[in-house]
Novice: 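Here it is: the structure, laid out below.
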Amino acid sequence: MSSRVANLLLNNNLISQEHFLVFKSRQKDSGNSVVTDLAKLGVVSEDQIASFLSTYYGIELIDLEKVEVPEQVLKLLSPDFVQKYQVLPLSRSGKTLRVALVDPSIDFVLEDVKFITGFNVQPAVVTETQFLRAIERYYHLGGTLDKILKDIGDDSGVEVISDRNDAELDKLKEEIDAAPIVKLVDGVIADAVHRGASDIHFEPYENQFRIRFRVDGVLSEAMSPPTHMKGAIVSRAKIMANLDIAERRVPQDGHIKMKFSDRTVDLRVSSLPTLYGEKIVMRILDKSNLTLDLATFGFEEKALADFEKAIRLPYGLLLVTGPTGSGKTTTLYSVLSRLNTPTVNSMTAEDPVEYNFAGLNQVQVREEVGLTFASALKAFLRQDPDIIMIGEIRDLETGSIAVRAALTGHLVLSTLHTNSAAATISRLIDMGLERFLVSSSLNLIVAQRLVRKICTKCKTPVEVHPEALREVGIDPDSVKGKTFYHGAGCLDCNNSGYRGRTGIYEVMPVTQKIREMILDSSNTYEIERAAIKEGMFNLNMSAIEKFKRGVTTIEEVLRVTGEA
């Protein structure tokens, strides 16, 4: 996009003289497009820029997510030309070719399109984000990341060699910091944040170096840089996380804090030695995406009522269970945000502290110096707490202290790794806790998972085979005439058919009946069956409800619950 756009925005009072000068100072060295640098100022969005250009030039503003470009039209312009000048052919009618432009102020582009194709050209305006998604979809161009790789070329100029001395390592750090590899790693992280990814995986193999993003709980490949660059990329990531780049024999953990426009993103970094080099995984913790409103989590009506009743109790133990990445910590944070007022003393022990909240006394567990969950919990009890949150109950000592704290006037929140709410009781007893302590202290257990939601932009009706319905436990006759949905795939969801996630929950209040069953040594199945009779939805039932309401698909129900 040309700098002329910035002048137009200034002259039409969409940006101030001060912001214009800041933009000009950044643009020279940033390497970003004009729209990206303008948006980073935080005073004008790319949607506003596109809307202004549409009005100023008197041409249509279009939504590329609602446009399907025929293959024969795509072939009219080369991928290089499309990417270089940010122009996308849309449709042809007779001797007229309709094209989408990010920047209509560049006059010669339309003339070049007319010369190349021999057609008259009808322009329309599109946002840069939609354009980049479109060329990824139609031309399989990686947008920003492909451009960065092209700029770097085949020779990065940086190679990591083993057995270096300290002086050589210092020199290597300088080389990596000065090389275009910095732009690549920063670009990968920025792209992952933009796509809403939760994790970035840098994976070395014998003949390939792969970078994958986890979006909505599912991994997909983002790019594959040349194999010779893997050492430099891994070293750059380790330097950013303050890890020892000379140590490649043992796992390491670190932390990165980066600022994107007006928000700060934290990244937890883990390195792991593998057969062909170190694998790096970055967990993205973006507080701006953190939702703490329980009403939006996806609880069924009775489950939400039971949950809110339990968190209003002044003491007792509330456990949230599920696999890694199922949203347990977010659920606990939502409880703390609801309960944490100036009149209570709330304390947490976490490993690691994922998000920092004002008014919470948060402690980072450091087992290497003896600060474990158990020792932190002991210290909390000498600090006059009202609410205690323990990141995870891992052993008998932590469990015993948590139970006793719950029995002596404290509301204790924690997580556990089990497959269901009822199985949590067996897990606590297997740790060595007495049945009467478990029975007396527990108030509520929540088991949860996350399912992908159908993209609202491409949501369309779909026929579901009766056998598929039976597989998830639905009688086809009971839903005869009901419409089910799936995502057809569009630019907004990267053709996955899904966008965003919602929770499925198994909320089990520990009623008098359940307490008696714990004391009577009832097994997991018997306790779950009794809880369902009292109105509990298990995970499969919760997922089926969301499928019936058109929130998710039958494939997601099977993927996440894995049972009928």
Side-chain angles (χ1 to χ4, degrees), residues 63-68 137 196 215-218 220 291 293-308 322 326-327 331 419-422 446-509 525 528-564:
D63 184 353
L64 275 182
E65 295 161 13
K66 299 178 180 177
V67 175
E68 189 68 34
R137 176 185 178 187
V215 180
D216 293 335
V218 177
S220 61
T291 303
D293 183 2
L294 283 171
T296 65
F297 278 24
F299 284 97
E300 302 301 325
E301 188 176 343
K302 182 183 183 302
L304 181 59
D306 288 338
F307 190 81
E308 290 187 326
S326 60
T331 300
N419 291 326
S420 67
V446 179
Q448 65 182 75
R449 303 287 189 277
L450 294 173
V451 294
R452 291 182 291 173
K453 295 192 293 185
I454 298 170
C455 175
T456 55
K457 295 287 182 71
C458 60
K459 187 175 182 177
T460 54
V462 65
E463 290 288 333
V464 179
H465 196 279
E467 278 304 312
L469 293 172
R470 291 189 187 96
E471 195 171 348
V472 296
I474 300 175
D475 180 3
D477 292 332
S478 68
V479 291
K480 190 170 289 185
K482 189 172 184 61
T483 304
F484 298 110
Y485 296 90
H486 78 142
C490 66
L491 291 175
D492 200 54
C493 62
N494 289 315
N495 287 315
S496 68
Y498 301 98
R499 187 166 174 82
R501 289 188 290 177
T502 188
I504 57 172
Y505 297 92
E506 187 173 284
V507 178
M508 189 178 85
Y525 174 73
E528 180 173 313
R529 189 169 58 180
I532 291 172
K533 282 184 179 178
E534 292 181 342
M536 181 188 83
F537 274 31
N538 65 21
L539 290 170
N540 194 53
M541 294 161 70
S542 179
I544 287 171
E545 281 302 305
K546 286 180 171 55
F547 164 61
K548 287 180 178 178
R549 291 201 296 266
V551 175
T552 190
T553 63
I554 196 164
E555 290 82 6
E556 272 296 282
V557 174
L558 286 168
R559 183 183 74 86
V560 174
T561 65
E563 62 176 314

Novice: Apply side chain to side chain contact (heavy atoms under 4.5 Å, CB included) to Ile554 and Phe484, showing your working.
Specialist: CA-CA 9 Å; Ile554 196 164; Phe484 298 110; over 6 Å; no
Novice: At their closest point, which heavy atom of Thr561 faces which heavy atom of Val557, and how far apart are they?
Specialist: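 That closest heavy-atom pairing would be OG1-O, 2.6 Å.
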Novice: Which heavy-atom pair separates Ile544 from Val472 by the least distance, and what is that distance?
Specialist: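 Residues Ile544 and Val472, closest heavy atoms: CD1-O, 3.0 Å.
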Novice: Pair Thr502, Val551 - check side chain to side chain contact (heavy atoms under 4.5 Å, CB included), show working.
Specialist: CA-CA 9 Å; Thr502 188; Val551 175; 4.0 Å; yes
Novice: Begin from the C-alpha positions of Glu545 and Glu300 and carry the test side chain to side chain contact (heavy atoms under 4.5 Å, CB included) through to its verdict.
Specialist: CA-CA 9 Å; Glu545 281 302 305; Glu300 302 301 325; 3.8 Å; yes
Novice: Would the distance check show the side chain of Lys533 and the main-chain N or O of Glu528 forming a donor-acceptor pair, the cut-off being under 3.5 Å?
Specialist: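 No.
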Novice: Would you sort out whether Glu555 and Arg559 count as a salt bridge (charged side-chain N to carboxylate O under 4.0 Å, His left out), showing the intermediate values?
Specialist: CA-CA 6 Å; Glu555 290 82 6; Arg559 183 183 74 86; over 6 Å; no
Novice: If you compare all heavy atoms of Cys458 against all heavy atoms of Cys493, which two are closest, and at what distance to 0.1 Å?
Specialist: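 Heavy atoms only, the tightest pair is SG-SG, 3.8 Å.
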Novice: Using modelled atom types and a 3.5 Å cut-off, is there a donor and acceptor pairing between side-chain atoms of Gln448 and backbone atoms of Gly503?
Specialist: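 Judged by distance alone, no pair lies under 3.5 Å.
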Novice: Side chain to side chain contact (heavy atoms under 4.5 Å, CB included) between Phe307 and Thr331: does it pass, once the steps are laid out?
Specialist: CA-CA 11 Å; Phe307 190 81; Thr331 300; 3.8 Å; yes
Novice: Taking C-beta and beyond as the side chain, do Phe537 and Tyr505 meet within less than 4.5 Å on heavy atoms?
Specialist: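 Result no, sub-4.5 Å side-chain heavy-atom pair not found.
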Novice: Can you tell me if Glu506 and Ser542 form a side-chain donor-acceptor pair at under 3.5 Å?
Specialist: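 Not at all, the side chains of Glu506 and Ser542 share no donor-acceptor pair under 3.5 Å.
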Novice: Got Cys455 and Lys459 here, is their nearest side-chain heavy-atom distance under 4.5 Å?
Specialist: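 When only atoms from C-beta onward are counted, Lys459 and Cys455 do not touch, as no gap falls below 4.5 Å.
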Novice: Rounded to the nearest 0.5 Å, what's the gap from CG on Leu450 to CG on Asp216? Could you check?
Specialist: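 Rounded to the nearest 0.5 Å, the CG-CG separation comes to 9.5 Å.
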Novice: Which pair of heavy atoms, one from Ile454 and one from Tyr485, lies closest together, and at what distance?
Specialist: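 What the structure gives for the nearest pair is CD1-O, 3.4 Å.
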Novice: Any sub-3.5 Å donor-acceptor pair from Glu65's side-chain atoms to Cys490's backbone N or O?
Specialist: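 Checking the backbone N and O of Cys490 against the side chain of Glu65, no donor-acceptor pair under 3.5 Å is found.
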Novice: Checking the side chain of Asp306 only, and the main-chain atoms of Pro509 only, is there a donor and an acceptor separated by less than 3.5 Å?
Specialist: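 The answer is no, because no donor-acceptor pair under 3.5 Å joins these two groups.
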Novice: With a 3.5 Å cut-off and sequence neighbours excluded, list the donor-acceptor pairs that the side chains of residues 474-483 form with protein atoms.
Specialist:
{"from": "Asp475", "atom 1": "OD1", "to": "Asp477", "atom 2": "N", "distance (Å)": "3.2"}
{"from": "Ser478", "atom 1": "OG", "to": "Asp475", "atom 2": "O", "distance (Å)": "2.6"}
{"from": "Lys482", "atom 1": "NZ", "to": "Lys548", "atom 2": "O", "distance (Å)": "3.3"}

Novice: Going through the distances and angles, do Glu308 and Lys302 end up as a salt bridge (charged side-chain N to carboxylate O under 4.0 Å, His left out)?
Specialist: CA-CA 10 Å; Glu308 290 187 326; Lys302 182 183 183 302; over 6 Å; no
Novice: Any luck finding a side-chain donor-acceptor pair between Thr552 and Tyr498 under 3.5 Å?
Specialist: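 The criterion, which ignores hydrogens and geometry beyond distance, is not satisfied for Tyr498 and Thr552.
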